[in-house]
Amino acid sequence: MMVTVGEAENIILSQVRDYGSETVILNRCIGRVLAENILADRDMPPYNRVTMDGIAIQYQNIANRIIAYKIKGTQAAGEDPINISQTTECIEIMTGAALPESLDTVIRYEDLHIENGLATLTADPKTIIKGQNVHYKGKDRKQHDIVAKANQLITPASINAAATVGKSTLLVKKLPRVVIISTGDELVNIEQIPLPFQIRSSNSATIQAALHQYCIQADILHIADDMQQTKAELKRCLNQYDVILLSGGISIGKFDYIPAALEELSVKTLFHKVQQRPGKPFWFGTHSRGAIVFAFPGNPVSTFMCLYRYFIPWLQVSLGLVVDAKYAVLNEDLNFAP
């Protein structure tokens with residue numbers, strides 16, 4: 001029985017699978033789905049971090065109209081903080097350094113004149129603000145705060161967050177084993193020159209490229225228009241893969257063997273044909289051993305549409321990926337010739 005688009009979507013999403021999780025080293029996690037929250041192992045930043053090259057002073061001296069400071073020492077990023085012993089002293093300090101506890105404000109080089117170990121303020125003292133050019137400890141995150149939430153695609157920003165908190169491995173969602181199967185004697189490999197009555201097998205390349213975005217390395221197989229070969233290959237794939245993505249051979253033509261072959265292999269038909277254009281012959285079913293079968297019409301536009309309208313949402317939910325749905329409303333009626 002033909003189903004509506006909404007019914008097809010509900011049936012497919014009722015067959016969501018959880019393939020578990022696994023631990024992967026950080027440099028191989030890009031594009032995978034994060035299966036754990038990444039937590040800060042300490043405050044971020046972990047100390048009062050200087051954000052400009054210049055001098056560190058006590059702001060009270062500005063209020064007291066002191067504009068010249070003796071440089072006690074120079075502190076680079078990564079060095080132990082240098083504290084002052086006199087209020088008229090300052091520390092020449094670099095970006096990224098830890099602000100000494102005895103100081104609270106940083107004046108950048110552009111607002112100073114430095115000569116003979118003396119730093120003199122050249123800017124208007126009224127423009128100096130207490131705590132300026134300091135990124136205070138814990139301002140971004142406190143220890144144990146979440147820095148990256150689970151159920152999102154791991155991006156370079158996620159890798160940065162993980163590395164910052166010392167995570168050399170991440171827990172990620174396991175990926176299903178997928179095979180892409182094209183059917184039809186009219187198809188030739190993309191590197192071949194087709195005869196006038198042949199076409200190149202573009203659908204498999206399209207599906208494979210879409211799966212690469214989710215780090216799925218799918219196998220590719222082609223089946224000729226032969227019932228015995230179709231049954232033999234499908235039987236093998238049902239035992240070997242979690243997901244089978246078929247393209248072509250599912251309509252009512254004399255050589256469309258896929259539906260009958262799947263039925264003989266005890267794959268339960270959950271629907272065949274959807275009230276849509278393109279992609280009306282779309283077939284979907286499951287095997288008792290757990291494999292899920294998406295059988296798309298062979299027309300390239302139909303395959304592309306069904307892939308993104310049905311399979312990709314199923315994959316995202318199965319991987320626990322949180323995706324914000326976006327909708328649009330037409331301002332005018334849309335009419336077209338069938």
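One is the number of the first residue; the rest follow in order along the sequence.
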**Q** Is it true that the side chains of E92 and Y109 contain a donor and an acceptor less than 3.5 Å apart?
**A**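 On atom types as modelled, these side chains qualify, holding a pair under 3.5 Å.
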**Q** If I take atom SG from residue C90 and atom CG from residue L112, how far apart are they, to the nearest 0.5 angstrom?
**A**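 Spacing of SG (C90) from CG (L112) equals 8.0 Å.
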**Q** Identify the two heavy atoms, one from V147 and one from A161, that lie closest to each other, and give their separation to 0.1 Å.
**A**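 For V147 versus A161, the nearest heavy atoms are CG2-CB, 4.1 Å.
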**Q** Looking at E89 and Q86, would you say the former's side chain and the latter's main chain have a donor-acceptor pair under 3.5 Å?
**A** yes
**Q** Assess the side chains of Q132 and Y59: does a donor N or O sit below 3.5 Å from an acceptor N or O?
**A** no
**Q** Are a donor atom and an acceptor atom from the side chains of N203 and T303 found within less than 3.5 Å of each other?
**A** yes
**Q** Quick one: are V33 and L153 in side-chain contact, heavy atoms under 4.5 Å?
**A**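 Of all side-chain heavy-atom pairs linking L153 with V33, at least one is under 4.5 Å.
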**Q** Looking at F271, F284, Y241, which one forms a ring pair (Phe, Tyr, Trp, His ring centres under 6.0 Å) with F294?
**A** F284
**Q** Which pairs pass side chain to side chain donor-acceptor pair (under 3.5 Å) with one or both residues in residues 5-15, sequence neighbours excluded?
**A**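 Counting only pairs at least two positions apart or across chains, the side chain to side chain donor-acceptor pair (under 3.5 Å) contacts touching residues 5-15 are T4-E7, E9-R309, Q15-R17.
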**Q** Would you say N83's side chain and P100's backbone share a donor-acceptor pair under 3.5 angstrom?
**A**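 No.
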**Q** Looking at side-chain heavy atoms only, is the closest gap between L121 and H113 below 4.5 Å?
**A** no
**Q** Check for me, please, whether F296 and L211 land in the same ILVMFWY cluster - side-chain distances under 4.5 Å, paths through other members count.
**A**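 Yes; L211 is reachable from F296 via cluster members.
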**Q** When you measure from the side chain of Q75 to the backbone N and O of I82, does any donor-acceptor pair fall under 3.5 Å?
**A** yes
**Q** I'd like to know whether W283 forms a side-chain contact (heavy atoms from CB on, under 4.5 Å) with I258, so could you lay out the CA-CA distance, the side-chain angles of the two residues, the decisive distance to 0.1 Å, and finally the verdict.
**A** CA-CA 9 Å; W283 187 102; I258 297 299; over 6 Å; no
**Q** Heavy-atom count around Q152 CD within 6.0 Å, excluding the residue itself: above 12?
**A**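 For Q152, atom CD is crowded (more than 12 foreign heavy atoms under 6.0 Å).
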**Q** With a 4.0 Å cut-off on N to O distance, would you call E36 and K167 a salt bridge?
**A**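 A salt bridge links E36 with K167.
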**Q** Test of understanding: clusters of I, L, V, M, F, W, Y form through side-chain heavy atoms closer than 4.5 Å, transitively. Do L245 and V301 belong to the same one?
**A**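 No, L245 does not connect to V301 through the hydrophobic network.
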**Q** Hey, does the side chain of N239 reach the backbone of K235 with a donor-acceptor pair shorter than 3.5 angstrom?
**A** yes
**Q** How far apart are the closest heavy atoms of Y310 and Q276, and which atoms are they?
**A** OH-OE1, 2.5 Å
**Q** Would you compute the distance between atom CD of Q60 and atom OG1 of T87 and round it to the nearest 0.5 angstrom?
**A**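 One finds 9.5 Å between CD of Q60 and OG1 of T87.
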**Q** Grouping I, L, V, M, F, W and Y whenever their side-chain heavy atoms are under 4.5 Å apart, do L175 and F311 come out in a common cluster?
**A**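 Hydrophobic grouping puts L175 with F311.
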**Q** Are side-chain heavy atoms of I71 and I91 found at a separation under 4.5 Å?
**A** no
**Q** With no hydrogens and no angle check, just 3.5 Å: does a side-chain donor-acceptor pair link H144 and D41?
**A** no
**Q** Just checking N27: does its CG atom have more than 12 heavy atoms from other residues, nucleotides or ligands closer to it than 6.0 angstrom?
**A**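 Yes, CG of N27 has more than 12 neighbouring heavy atoms, counting only those of other groups under 6.0 Å.
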**Q** With a 6.0 Å cut-off (strictly less than), is the heavy-atom count around CZ of R277, excluding the residue itself, greater than 12?
**A**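 No, because the 6.0 Å sphere around CZ of R277 holds 12 heavy atoms or fewer from other groups.
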**Q** Less than 4.5 Å apart, side chain to side chain, heavy atoms only: is that true for I244 and I181?
**A**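 I244 reaches I181 side chain to side chain.
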**Q** Residues two or more places apart in sequence or in another chain: which of them pass ring-ring contact (aromatic ring centres under 6.0 Å, His included) with F304?
**A**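 Partners of F304 under the ring-ring contact (aromatic ring centres under 6.0 Å, His included) test: Y308.
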**Q** Is any NZ, NE, NH1 or NH2 atom of the basic residue among D111 and R108 found under 4.0 Å from an Asp or Glu carboxylate oxygen of the other?
**A** yes
**Q** Which pair of non-hydrogen atoms, one from I62 and one from I107, has the smallest distance, and what is that distance?
**A**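 The answer is CD1-CD1, 4.3 Å.
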**Q** Taking the side chain as every heavy atom from C-beta outward, state whether D145 and M44 have any atom pair closer than 4.5 Å.
**A** no
**Q** How close do G96 and Y47 get, heavy atom to heavy atom, and via which atoms?
**A**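 Smallest interatomic distance, heavy atoms only, reads O-OH, 2.8 Å.
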**Q** Consider only side-chain heavy atoms of I, L, V, M, F, W and Y, link residues closer than 4.5 Å, and tell whether V16 and I312 are in one cluster.
**A**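 Result: yes, single cluster for both.
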**Q** Going by heavy atoms in the side chains, are Y257 and T183 under 4.5 Å from each other?
**A**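 Result no, sub-4.5 Å side-chain heavy-atom pair not found.
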**Q** CD of E110: more than 12 outside heavy atoms within 6.0 angstrom?
**A**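 Yes, because the 6.0 Å sphere around CD of E110 holds more than 12 heavy atoms from other groups.
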**Q** Does any non-hydrogen side-chain atom of I57 lie less than 4.5 Å from one of I84?
**A**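 No - every pair of side-chain heavy atoms lies 4.5 Å or more apart.
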